[in-house]
Amino acid sequence: MKIDEVLLENTELFATPEVACKLTRLLKAAPFNSEVVSIVHYDPILTAQILKVCNTVIFRGREPISSVEEAVARLGFANILRIVWQISIGERMNVPLPVYGMEVGQLWRHSITVGIAAEEIRKLTSQVEEDGATAFTAGLLHDFGKIMINMSLLPMYEEIHDYSRSKDISLLEAEKILLGMDHAELGASILTRWLQPDSLVRAVANHHVPEDPSSTALSCLVHLADVCTHALGSAYGWGENAPPAIKTNRAMDVLKVDSSDLERVMIAVHMRTMEIEVFMSIL
Amino acid sequence: MNVVRGIPGNKVIVRMADMKASNQVDQEIVTYSLGSCLGIALYDPQIKVGGMLHVLLPTSTIDPEKAGKLPFLFVNTGVPLLFRAVYELGAVKARLMVKVAGGADMQLTNNTFNVGERNLIALTELFAHHGVRICNRAVGGHLSRTFRLNMATGSAYVETPGERTLQL
């Protein structure tokens with residue numbers, strides 16, 4: 001079965017997270033709070049979940065909030081968008097991925113961490129047009145394609161690993177040879193189906209190839225966020241290789257950041273560990 | 001606070017940018033998710049005192065203020081505190097077994113983001129300066145490691161998903 005067919009068959013897993021996608025499309029337009037609220041209200045389950053997160057996590061111990069209007073007013077659009085994405089795709093990403101040697105929770109934790117690292121790198125560079133919320137979203141979604149690859153390769157994953165070992169190629173290269181698409185491209189194709197902004201799609205598609213001419217500054221940013229997160233010990237998959245220095249250097253040149261900047265990003269991400277734990281716990 | 005005295009229990013977890021020292025033989029000190037970070041374990045077999053540190057970065061010069069509050073973030077500020085903690089429990093430098101794990105993604109090129117290698121260089125230099133010898137280590141590669149220290153024997157174990165456990 002072709003990988004795209006698998007994609008279409010699993011409509012539940014790949015169903016569009018409508019509210020998150022609509023809000024992301026609005027990012028550039030700087031919408032009024034009332035527009036944001038009306039989109040969120042479209043999904044009553046999500047609305048209840050947002051209120052729960054706000055009251056148990058974000059505003060815990062303070063005056064409780066009782067409506068999305070209040071949540072948007074107090075947190076702002078960017079924060080609401082982050083919460084909506086995390087609620088909308090958390091369950092789909094909080095799964096074990098045997099093909100990548102990942103236990104349940106690992107991909108989800110890695111994704112949140114890369115999102116936070118992306119947001120922190122965005123604070124240090126003026127070379128990226130998109131804002132911190134988009135950087136976060138790109139980081140959060142960068143490995144979404146891995147869920148897909150995991151599903152389609154699961155019955156033969158030992159063969160894939162033997163193949164990548166015998167040919168001395170990375171799992172990423174093996175994905176491309178065996179399926180015609182690697183996890184980055186597949187993740188991007190899902191975002192395209194979800195009608196997400198082109199900048200987000202390209203950032204996800206190229207997060208392993210910052211040196212490619214079609215890569216944008218945001219692709220480079222997600223690449224570096226991934227590198228920083230790996231350095232912090234998060235979610236190394238089997239059969240992966242460290243990105244060669246040439247890729248990382250290219251991404252650092254594009255963003256005009258140096259090693260000390262990335263070390264500061266590692267510290268900043270470490271300081272936000274509690275935030276990561278909180279989001280892990282709300283699922 | 002980092003010294004576990006007289007509190008028996010099986011597992012003592014060293015978090016990221018954290019350190020624990022112990023003299024309890026029924027304990028195991030463990031740290032998870034070592035990527036480019038370094039795990040450093042010390043053990044005095046004569047009196048069964050040991051400790052472990054999980055540091056992120058080579059030197060505190062990039063953020064001296066943070067180092068004041070969180071000394072275990074850095075090799076140069078964390079390692080001396082680990083030694084001090086085991087000395088306080090009676091360990092003697094000449095008897096210490098020193099084991100190291102982590103430092104993943106070492107790039108063999110200069111002038112790039114190279115935390116794994118820089119961590120190891122910082123540690124090697126610090127040890128050379130103080131005459132400390134590493135007796136065993138598991139470093140480099142592109143992988144995440146779990147590092148355990150058995151307080152009864154001083155044996156250390158390195159676990160990597162999908163691979164055999166290594167005894168250091």
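Just so it is clear: chains get the letters A, B, ... in the order the sequence lines come, proteins before strands, and each one is counted from 1.
- To the nearest 0.5 Å, atoms CG (B/Leu70) and CD1 (A/Ile267) are separated by 9.0 Å.
- Put simply, CE on A/Met271 and NZ on B/Lys69 are 7.5 Å apart, with the number rounded to the nearest 0.5 Å.
- In this structure, B/Phe113 and A/Asn249 approach most closely via the heavy-atom pair N-OD1, 4.4 Å.
- Nearest heavy-atom pair, B/Met16 versus A/Leu232, reported as atom, atom and distance to 0.1 Å: CE-O, 3.2 Å.
- Few gaps surround CD on B/Gln167; more than 12 heavy atoms of other groups in view lie less than 6.0 Å from it.
- Only the side chain of B/Leu57 comes within contact range of chain A, with heavy atoms under 4.5 Å apart.
- To the nearest 0.5 Å, atom CG of residue B/Asn114 and atom CG of residue A/Leu262 are 11.5 Å apart.
- Other residues, nucleotides and ligands place no more than 12 heavy atoms under 6.0 Å from the NZ atom of A/Lys256.
- Rounding to the nearest 0.5 Å gives a distance of 7.5 Å between OG of B/Ser33 and CD of A/Gln106.
- Within 6.0 Å of atom CZ in B/Arg137, 12 or fewer heavy atoms from other residues, nucleotides or ligands are found, so the atom counts as exposed in its surroundings.
- Only the side chain of B/Arg118 has a heavy atom closer than 4.5 Å to any heavy atom of chain A.
- The two residues A/Gly233 and B/Ser144 make their nearest non-hydrogen contact at O-OG, 3.2 Å.
- For B/Leu166, the CG atom counts as densely surrounded, since its 6.0 Å shell holds more than 12 non-hydrogen atoms of other residues, nucleotides or ligands.
- For the atom pair CE of A/Met266 and CG of B/Leu73, the computed distance is 9.5 Å after rounding to the nearest 0.5 Å.
- Within 6.0 Å of the CZ atom in B/Arg15, the count of heavy atoms belonging to other residues, nucleotides or ligands does not exceed 12.
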